[in-house]
Number of protein chains: 2
Amino acid sequence: MVQLKQFQCDALLRAAEAACVENGARLTHRRRQVLSALMQSPNPLSAYEVLDSCNRSAATSMPAMSVYRILDFLEQQSLVHRLASSNKYVSCSHIACDHKHFQKTHFLLCEACSSVEEVDATEEANQALDHMASAAGFKLTSQQFELSGICTTCQNNAG
Amino acid sequence: MVQLKQFQCDALLRAAEAACVENGARLTHRRRQVLSALMQSPNPLSAYEVLDSCNRSAATSMPAMSVYRILDFLEQQSLVHRLASSNKYVSCSHIACDHKHFQKTHFLLCEACSSVEEVDATEEANQALDHMASAAGFKLTSQQFELSGICTTCQNNAG
DNA sequence: TCGTGAACGATACATTATATCATTTATAGC
DNA sequence: GCTATAAATGATATAATGTATCGTTCACGA
Ligand SMILES: [Zn+2]
Ligand SMILES: [Zn+2]
Ligand SMILES: [Zn+2]
Ligand SMILES: [Zn+2]
């Protein structure tokens, strides 16, 4: 996950706008600012990091309230995802494609560079975890996992 | 996970004290208060919930700082575990037994009653998740998963 | 008994999140 | 275009959570 070039970001924003319209919602200026901040960040951002990013790259300053409201909105639209383990946000990596989050989605977090990879659950993993849970009498409901590890790039840099 | 009777709690506290001594640490009065609060709670508690619990059940009021310090200490001693997804704490379910957390430990969280079950990772789950991560080039490091679901009791109550 | 470091108390402060209400903006119907 | 309506935002206050710092007390060993 590398910082997006501007023309890529624009294309994603157009796709995001289309997705909103399809849901009867609007991608306003403020929402676009927040989404853009997350798209351009190589790492997940906390609400206040989003706020700072927006305020650095714009003339008018955004109230903190708006960031919280807008992050909620964007999450409902599946344009961003919230990482519970760090309470930070990442932009969805499937905004431009037709991916609809039908599968469970998991996140791989690099401990070295803080990059995030959004991956679909495998059937193998679903079964193994269901199995592990049912051994304790639990019936798993939908959820996303946030798995820590080392990404390809950082493995190569270290080796 | 049900609220512990007092004599069970006392036995656990004795075991916890022994574990501390083995590590060259001490289970002081304040630490005992915090650990006891977590043991007696059927659900995970946030730092301030621990604080409230301690202050309800004791004459002298505990400063918030102490709770944070002590939770860190207890976590290092593996007497309590921190749940990253909710930023709350639970007492370890293996204080009395000889369980040493050699295996990865995962947590099953009931969405209905908020109870928590601490379970060992299965080899099957480890492999499935390693496999899923390596498909994206990630090498997983140690971690704990916090899986949402419905516990046995709540399944029966619903059915 | 005294020195030492760990644990704790106390205070201030920083960060993060929510509640509330006024104002502005977009939209649809006329 | 004009107006009613709801959505979105601005503005302010406040709550909740977490950290930094320093002085004091306490346990323990020399
Ligand atoms: Zn996504
Ligand atoms: Zn990396
Ligand atoms: Zn444990
Ligand atoms: Zn339950």
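Just so we're on the same page: letters track the sequence lines, and every chain starts at 1. All values derive from a computational prediction rather than experimental measurement. When reading the values below, keep in mind they use all heavy atoms of this one structure, side chains included, and skip hydrogens, waters and symmetry mates.
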Ignoring backbone atoms, test whether B:R31 places a side-chain nitrogen or oxygen under 4.0 Å from the OP1 or OP2 oxygen of C:dC8.
yes
Short side-chain N/O contact from A:S66 to OP1 or OP2 of D:dG10, under 4.0 Å:
yes
Shortest side-chain distance from B:P63, nucleotide among C:dG9, D:dT9, C:dA7:
C:dG9
For A:T28 and C:dA26, is the shortest distance between a side-chain N/O and OP1 or OP2 below 4.0 Å?
no
So, A:R31 side chain and A:R26 main chain: donor-acceptor pair closer than 3.5 Å or not?
yes
Is A:Y68 near enough to C:dA17 that one of its side-chain N or O atoms lies under 4.0 angstrom from OP1 or OP2?
yes
Between B:N87 and D:dG18, does any side-chain N or O lie under 4.0 Å from OP1 or OP2?
yes
Think B:R30 has a side-chain N or O under 4.0 angstrom from the OP1 or OP2 of C:dG9?
yes
Check every atom of D:dG18, C:dA6, D:dT9 against the side chain of B:A47 and return the nucleotide holding the closest atom.
D:dG18
Could you work out which one of C:dT16, C:dA6, D:dA20 sits closest to the side chain of A:Y48?
C:dT16
Report the distance from atom CG of A:D52 to atom P of C:dA14, rounded to the nearest whole Å.
15 Å
Rounded to whole angstrom units, what separation is found between the CG atom of A:L71 and the C1' atom of D:dT9?
15 Å
Within the 6.0 Å centroid threshold, strictly below: B:F107 and B:H81:
yes
